[in-house]
Amino acid sequence: MGALTVVIILIVIAVFALVFANIRIVPQSKAFVIERLGTYSTTWETGLHVKIPFIERVAKTVSLKEQVVDFKPQPVITKDNVTMQIDTVVFFQITDPKLYTYGVESPISAIENLSATTLRNIIGELELDSTLTSRDTINAKIRVILDEATDPWGIKVNRVELKNIIPPREIQDAMEKQMKAERERREAILRAEGEKQSRILVAEGHKESKILEAEAEKQSAILAAEAVKEAKIREAEGEAEAIAKVQQASAEAIKMLNEANANDAVLKLKAMEAFAKAADGQATKIIIPSEIQSLAGLAEGIVEAAK
């Protein structure tokens, strides 16, 4: 192998090494700003790229993800001359890597200063109470102003949040007392409502108890009346049955007498038996029919004849 061959091999190896060293792979959510001889050339997106050695260079690697910056508290003065500390959180995203690279020096510092200035202007038009209760309005106003101002820098402001609003100590004490009084007022209202509901429930329970008691008494009276009615019905049915049986027995006795061809004397004897039963009663005055009187005479004649 001659010296020329060795030189050629070395040159080829050097070329391959140089080309390999200038291969760039741009990852997802990243962008490379490329300068050629000190002037902006292009922006590399995600993928494989080869840089021209000694002519091109990667001027800046830009992240395209949404970024969050928490700025320190800023002193602001409200319309009613109350000084408070407010810190903000800004959510932004780089939409144009070229403008972001060449648009402004120190973009984050620029956003912080712009945010503080905008916040002072907005809070200066509001009183303390409005400041404490208008977070959403303040956030929206700051976001619109920042988004418009940072657009030439290739930055889009997605959201701005007031993280903390810290009023002076004496204002905090007054607010705490006010909140405590409000909590006590609400507690008293809830307690009164609870007592009212309790009284209502007790009254409803008492009313329900009375209703149930009245219903029970009503049912008891109905059942008692039904029992008395049933007893009377059964008693009447028993008396009717007894009368029917007596009448049936009398009818059968009369039928038997008729079948036996009983003469007048026998009938008079039966009448005598009935009179005897009547005489055994509690009556103090007894009317004797004429037939019985004659029957008594007949009985006396029969006794004499027997003698």
Summary of salt bridge (charged side-chain N to carboxylate O under 4.0 Å, His left out) pairs that have at least one residue in residues 121-140, sequence neighbours excluded: none
Co-membership, hydrophobic cluster, residues I111 and V89, 4.5 Å side-chain: no
Hydrophobic cluster membership, V26 vs I23, 4.5 Å side-chain cutoff: no
Looking only at atom types and distance, does a side-chain atom of [X] sit under 3.5 Å from a main-chain N or O of [Y], one as donor and one as acceptor?
| X | Y | value |
| --- | --- | --- |
| T117 | N113 | yes |
| S134 | I138 | no |
| D147 | V157 | yes |
| E56 | I52 | yes |
| T150 | L146 | yes |
| R199 | G194 | no |

Donor-acceptor list for residues 97-107 side chains, cut-off 3.5 Å, not counting sequence neighbours:
{"unit_1": "T101", "atom_1": "OG1", "unit_2": "P97", "atom_2": "O", "d": "2.7"}
{"unit_1": "Y102", "atom_1": "OH", "unit_2": "E35", "atom_2": "OE2", "d": "2.7"}

I need the minimum non-hydrogen distance between [X] and [Y], along with the two atoms involved.
| X | Y | answer |
| --- | --- | --- |
| P167 | M84 | CA-CB, 3.8 Å |
| L114 | A149 | CD2-CB, 3.2 Å |
| E148 | P152 | O-CD, 3.8 Å |
| T43 | A31 | CG2-CB, 4.1 Å |

Measuring only between side-chain heavy atoms, which start at C-beta, is [X] closer than 4.5 Å to [Y]?
| X | Y | result |
| --- | --- | --- |
| K79 | L126 | no |
| N139 | T88 | no |
| Y40 | I34 | no |
| K30 | E45 | no |

Flag if over 12 foreign heavy atoms under 6.0 Å of CD, E170: yes
Over 12 foreign heavy atoms within 6.0 Å of CZ, R169: yes
